[in-house]
There are 2 protein chains.
Amino acid sequence: MRISDLSRRSGVSVTTIKYYLREGLLPPGRQTAATQAEYDDQHLRRLRLIRALTGVRGLSVSTTREVLDALGEHAGDTHTLLGLALGSVRVGEEPAGDAPEAGEVRALVEELGWDVHESAPARATLAETLSTLRSLGVPVDRHTLLPYARLAERTAELDLGQLDGIADPLEAAERALLLTVLLEPALMALRRLAQENESARRHAN
Amino acid sequence: MRISDLSRRSGVSVTTIKYYLREGLLPPGRQTAATQAEYDDQHLRRLRLIRALTGVRGLSVSTTREVLDALGEHAGDTHTLLGLALGSVRVGEEPAGDAPEAGEVRALVEELGWDVHESAPARATLAETLSTLRSLGVPVDRHTLLPYARLAERTAELDLGQLDGIADPLEAAERALLLTVLLEPALMALRRLAQENESARRHAN
DNA sequence: GAGTATTGGATACCTCTACTATCTATGTTA
DNA sequence: TAACATAGATAGTAGAGGTATCCAATACTC
């Protein structure tokens with residue numbers, strides 16, 4: 001398959017594909033001559049994945065590259081991979097600009113009895129959200145978050161349940177990534193609809 | 001309060017405040033002379049809100065403006081307001097580029113017994129996600145989403161429960177907005193941590 | 001085997017977003 | 001009254017995410 005075929009079958013322009021190649025999102029094709037290279041179904045699949053992550057979820061090109069690199073490196077290690085996706089990716093070490101709420105997040109995690117890495121970026125996200133909401137006068141603390149966390153546990157069970165029975169580790173890793181990242185807007189959309197419904201119910205009384 | 005005080009107390013530079021004024025994110029101050037205007041605590045509050053929406057949640061300036069406008073217009077109408085936030089805002093009419101999955105989303109909503117607007121943008125988000133995941137070979141349908149939706153119902157109950165006992169309608173509207181939009185990254189962070197925990201549990205067996 | 005089209009690779013350019021800087025006429029403050 | 005702040009206008013900037021063009025080498029088409 002040449003670049004024009006790849007373009008036609010993916011709906012992505014040749015210049016954009018070249019851009020992705022330059023940016024290292026897409027691995028180079030197999031060179032058959034000085035000005036010719038062969039691409040295969042892996043490339044097509046990767047290209048669709050790129051468009052899904054940048055389009056649906058709005059990941060930046062550089063974040064997408066990190067996620068895809070991690071996918072390749074940790075293909076056998078679904079457990080590690082699950083900690084890597086989303087905007088809060090930061091595969092390497094992060095600055096960790098500690099919010100004062102970090103301790104409260106730790107207490108929450110302890111109360112939940114969760115076994116999660118101390119360095120998980122999601123912890124910082126939680127602390128930052130708590131801090132921001134409080135500065136705006138919204139009273140939230142770990143007791144507010146606890147019931148949400150219990151629901152998150154059940155969500156995670158559903159997520160992991162969907163990976164059962166996938167033998168190929170690369171495929172399992174890729175599916176984990178897709179379910180984690182691409183399902184996010186869908187879950188938020190469901191929440192929005194549920195809020196509307198719940199609001200209607202309450203006003204009906 | 002003059003613009004420099006507003007800047008100092010909010011941590012936002014004077015030039016950026018001027019930019020927000022120009023863009024209509026921040027209402028103009030009360031003019032006291034040709035080159036002087038007074039700002040008050042409302043402006044400070046609004047400014048903090050702007051930074052929270054654009055910073056934490058990453059909303060664009062134009063989306064933020066739409067959300068804030070909606071906040072003012074529908075202050076008394078929390079029910080309507082709840083349908084407006086997030087990246088999928090689109091307060092006005094949207095193009096509605098129907099995915100073929102729209103019918104499936106309708107069936108799901110019906111099965112759930114939810115009372116939600118036919119035009120809710122979250123429906124399109126769901127349909128688009130289904131479509132994208134399928135094109136990548138992930139088998140998802142409304143039966144997959146149903147248990148997630150049940151959890152979303154319980155999340156929405158928690159959300160709405162936090163608005164109880166707020167008398168002032170503008171305040172209730174603002175809090176609804178904050179909880180809907182700013183809690184999103186936190187909920188996704190909880191899900192990530194829960195996934196990690198669940199993954200660890202399963203591997204321990 | 002000639003002529004036309006396509007390709008990989010390099011470089012320049014473009015559009016949009018979110019600011020940032022500068023200028024001017026007017027005000028305020030010490 | 002001199003130094004400094006302010007509103008409002010206009011222009012400039014940096015980064016992201018492409019897009020367009022050029023070139024020499026190669027591949028199909030007759």
Side-chain angles (χ1 to χ4, degrees), chain A residues 1-40 42-44 46-68 86-90, chain B residues 1-40 43-44 46-68 86-87 89-90:
Chain A
M1 199 192 310
R2 283 171 307 176
I3 202 168
S4 57
D5 302 311
L6 197 56
S7 169
R8 195 173 26 72
R9 293 178 59 182
S10 66
V12 179
S13 76
V14 170
T15 38
T16 300
I17 293 175
K18 286 184 175 184
Y19 168 64
Y20 291 153
L21 286 166
R22 275 201 308 282
E23 293 296 315
L25 289 185
L26 204 57
R30 188 175 52 82
Q31 286 266 123
T32 59
T35 68
Q36 224 71 21
E38 264 291 298
Y39 303 90
D40 56 24
Q42 294 283 9
H43 288 92
L44 183 56
R46 170 66 72 106
L47 194 46
R48 293 212 176 106
L49 191 52
I50 292 167
R51 297 302 279 202
L53 294 177
T54 60
V56 176
R57 188 46 236 289
L59 292 192
S60 72
V61 166
S62 67
T63 301
T64 304
R65 178 177 44 231
E66 288 174 34
V67 170
L68 292 176
L86 179 58
S88 45
V89 168
R90 280 168 216 147
Chain B
M1 203 192 309
R2 282 174 306 179
I3 201 169
S4 56
D5 302 311
L6 197 56
S7 169
R8 195 174 25 73
R9 293 177 60 183
S10 65
V12 179
S13 76
V14 170
T15 39
T16 301
I17 293 175
K18 286 184 174 185
Y19 167 64
Y20 290 154
L21 286 166
R22 277 202 305 282
E23 292 295 315
L25 289 186
L26 203 57
R30 189 175 50 83
Q31 287 265 123
T32 60
T35 69
Q36 224 71 21
E38 263 291 297
Y39 302 91
D40 56 25
H43 288 93
L44 183 56
R46 171 64 73 105
L47 195 45
R48 293 212 177 105
L49 190 53
I50 292 167
R51 297 302 278 202
L53 295 176
T54 58
V56 176
R57 190 45 237 288
L59 293 192
S60 72
V61 165
S62 68
T63 303
T64 304
R65 180 177 42 232
E66 288 174 35
V67 171
L68 292 175
L86 177 58
V89 169
R90 281 169 214 146

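Here is how names work: the chains are called A, B, and so on, in the same order as the sequence lines, proteins then strands, and each is numbered from 1.
- Considering only residues two or more places apart in sequence or on other chains, B:R22 meets the side-chain hydrogen bond (donor to acceptor under 3.5 Å, both in side chains) condition with none of them.
- The separation between A:I17 atom CD1 and D:dT19 atom C1' is 14 Å, rounded to whole Å.
- Look at CD on A:E38: it is 14 Å from C1' on C:dG8, rounded to the nearest Å.
- Scored by the side-chain hydrogen bond (donor to acceptor under 3.5 Å, both in side chains) test, B:Y19 finds no partners at all (sequence neighbours excluded).
- With A:L53 as reference, A:L59 is the one residue of A:V61, A:L59, A:T63, A:L25 to meet the side-chain contact (heavy atoms from CB on, under 4.5 Å) rule.
- You'll find the side chain of B:L44 stays beyond 4.5 Å of the side chain of B:Y39, heavy atoms only.
- For the pair B:I3 CD1 and C:dT20 C1', the computed distance is 14 Å after rounding to whole Å.
- In this structure, B:E23 places its CD atom 14 Å from C1' of D:dT10, rounding to the nearest Å.
- Listed by chain and residue number, nothing satisfies the side-chain hydrogen bond (donor to acceptor under 3.5 Å, both in side chains) test with A:S4 (two or more places apart in sequence, or in another chain).
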Could you list the protein-to-nucleotides 21-28 of chain D atom pairs, N/O on both sides, closer than 3.5 Å?
unit_1, atom_1, unit_2, atom_2, d
D:dA25, N3, A:T35, OG1, 3.4
D:dT26, O4', A:T35, OG1, 3.3

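- For B:R30 and D:dA7, the CZ to P distance is 12 Å, given to the nearest whole Å.
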Q) Between A:I3 and A:K18, is a side-chain contact (heavy atoms from CB on, under 4.5 Å) present by the stated rule, with each step listed? A) CA-CA 9 Å; A:I3 202 168; A:K18 286 184 175 184; 4.0 Å; yes

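- Regarding A:R57, its CZ atom lies at a distance of 18 Å from the C1' atom of D:dG17, rounded to whole Å.
- Rounded to an integer number of Å, the gap from A:Q31 CD to C:dG8 P is 8 Å.
- Spacing between atom CE of A:M1 and atom P of C:dT7 amounts to 13 Å, rounded to whole angstrom units.
- Remark: A:T16 engages A:S13 in a side-chain hydrogen bond (donor to acceptor under 3.5 Å, both in side chains) (not counting sequence neighbours).
- Residues A:R2 and A:D5 are in side-chain contact: their nearest non-hydrogen atoms beyond the backbone lie under 4.5 Å apart.
- Side-chain contact between A:R30 and A:D40 is absent, with no heavy-atom pair separated by less than 4.5 Å.
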Filtered N/O pairs between nucleotides 16-19 of chain C and protein, under 3.5 Å:
unit_1, atom_1, unit_2, atom_2, d
C:dA18, OP1, B:V61, N, 3.4
C:dA18, OP2, B:V61, N, 3.3
C:dC19, OP2, B:Y20, OH, 3.3

